[in-house]
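Just below is one structure, and these are the notes that go with it.
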Amino acid sequence: MLRWLKRGDLPAIVRIVTKELIPISPHPHPGGRKLRKDMASRLAQGSTLVASEGSKVRAFLHLIIQHDTLFVDLLAVDRSCQGKGYGSRLMSRAERHAQNLGCMRARLYVDEGNEAGTRFYRRLGYSVVAHHEALKCYEMYKWL
């Protein structure tokens, strides 16, 4: 089931970030309470879609609408659920939501070395438009 973030989802999101995003990131990240506080602050800056099975959060997508652009800030799927379509469904829902709000394009960043992420976004129609050496990431773009 796809739904919007609810109170009580943060611990599961932090767990997914810790297991799935931090290990492939080229940037240092805090742990424990600091990570939880940073994630709470980050999620407050936009909207978050959650994919759940019953009460268990399996994946999430955090988005920010900037003028007429959807910015996909974070997308992570628990390893046990990868390949089951959660990421694609979250992206599709986020893009529809953005279109309903008048967005005409979407953009996101993928860390260097995250080949699976780059392939995933390419399958969804995104193209690499820039490499940001200082950020150690690729910027990807798609017309909605």
Please list, one pair per line, the donor and acceptor atoms closer than 3.5 Å that link side chains of residues 83-92 to other protein atoms, with sequence neighbours excluded.
unit_1 : atom_1 : unit_2 : atom_2 : d
Tyr86  : OH     : Glu53  : OE2    : 2.3
Arg89  : NH1    : Lys84  : O      : 3.3
Ser92  : OG     : Arg96  : NH1    : 2.9

Residues 121-136 side chain polar contacts: donor-acceptor under 3.5 Å, at least two apart:
unit_1 : atom_1 : unit_2 : atom_2 : d
Tyr126 : OH     : Glu95  : OE2    : 2.7
His131 : NE2    : Glu112 : OE2    : 2.5
His132 : NE2    : Glu139 : OE1    : 2.8

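Checked against Val50 for a side-chain contact (heavy atoms from CB on, under 4.5 Å), the options His62, Arg3, Met1 give a single hit: Arg3.
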Quiz item: Would Trp4 and His97 count as a side chain to side chain contact (heavy atoms under 4.5 Å, CB included) if you check the C-alpha gap in whole Å, the side-chain angles of each, and the deciding distance to 0.1 Å?
Solution: CA-CA 11 Å; Trp4 293 104; His97 173 71; 3.8 Å; yes

Practice problem: In sequence, state the C-alpha distance, the side-chain angles, and the governing distance for Leu5 and Ser47, and then conclude on side chain to side chain contact (heavy atoms under 4.5 Å, CB included). | Solution: CA-CA 8 Å; Leu5 181 74; Ser47 302; over 6 Å; no

Quiz item: Does the side chain to side chain contact (heavy atoms under 4.5 Å, CB included) test come out yes or no for Leu74 and Phe60, once each step is laid out?
Solution: CA-CA 8 Å; Leu74 291 168; Phe60 75 96; 3.9 Å; yes

Exercise. Start with the C-alpha distance between Thr48 and Leu63, add both sets of side-chain angles, then the distance that settles side chain to side chain contact (heavy atoms under 4.5 Å, CB included), and finish with yes or no.
Key: CA-CA 6 Å; Thr48 305; Leu63 64 99; over 6 Å; no

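The cluster map of Ile, Leu, Val, Met, Phe, Trp and Tyr, joined by side-chain heavy atoms under 4.5 Å apart, puts Val77 and Phe120 in different clusters. Transitive grouping of hydrophobic side chains (ILVMFWY, heavy atoms separated by less than 4.5 Å) brings Val14 and Leu43 into a common cluster. Two different hydrophobic clusters hold Tyr138 and Phe71 under the rule that ILVMFWY side chains link at heavy-atom gaps under 4.5 Å. Leu61 and Val17 are not part of a single hydrophobic cluster, where members link through side-chain heavy atoms under 4.5 Å apart. One hydrophobic cluster, built from ILVMFWY side chains closer than 4.5 Å, holds both Leu75 and Leu2.
Across every non-hydrogen atom of Asp68 and Gly102, the tightest pair is CB-O, 3.9 Å. Closest approach of Ser25 and Asp111 over heavy atoms only: CA-OD2, 3.6 Å.
Rounded to the nearest 0.5 Å, atoms CD1 (Ile64) and CD (Gln45) are 7.0 Å apart. Distance check, rounded to the nearest 0.5 Å: CD1 of Ile24 to CD of Glu115 gives 10.5 Å. Interatomic distance, CD1 of Ile13 versus CG of Asp78, reported as 12.5 Å (0.5 Å rounding). The CD1 atom of Ile22 lies 12.5 Å from the CD1 atom of Ile16; values are rounded to the nearest 0.5 Å. To the nearest 0.5 angstrom, Leu101 atom CG is 11.0 Å from Leu144 atom CG. A distance of 12.0 Å separates CG in Leu108 from OG1 in Thr69, rounded to the nearest 0.5 Å.
In this structure, Tyr141 and Arg105 have side chains that are in contact, with non-hydrogen atoms separated by less than 4.5 Å. Put simply, the side chain of Leu70 does not reach to within 4.5 Å of the side chain of Arg107, judged on heavy atoms. Between Cys103 and Ile65, the closest side-chain pair of non-hydrogen atoms falls below 4.5 Å.
Ionic pairing of Arg42 and Asp38 is not present here: no N-O contact between side-chain nitrogen and carboxylate oxygen is shorter than 4.0 angstrom.
Distance alone, capped at 3.5 Å, is enough to place a donor-acceptor pair between the Asp9 side chain and the Lys6 backbone.
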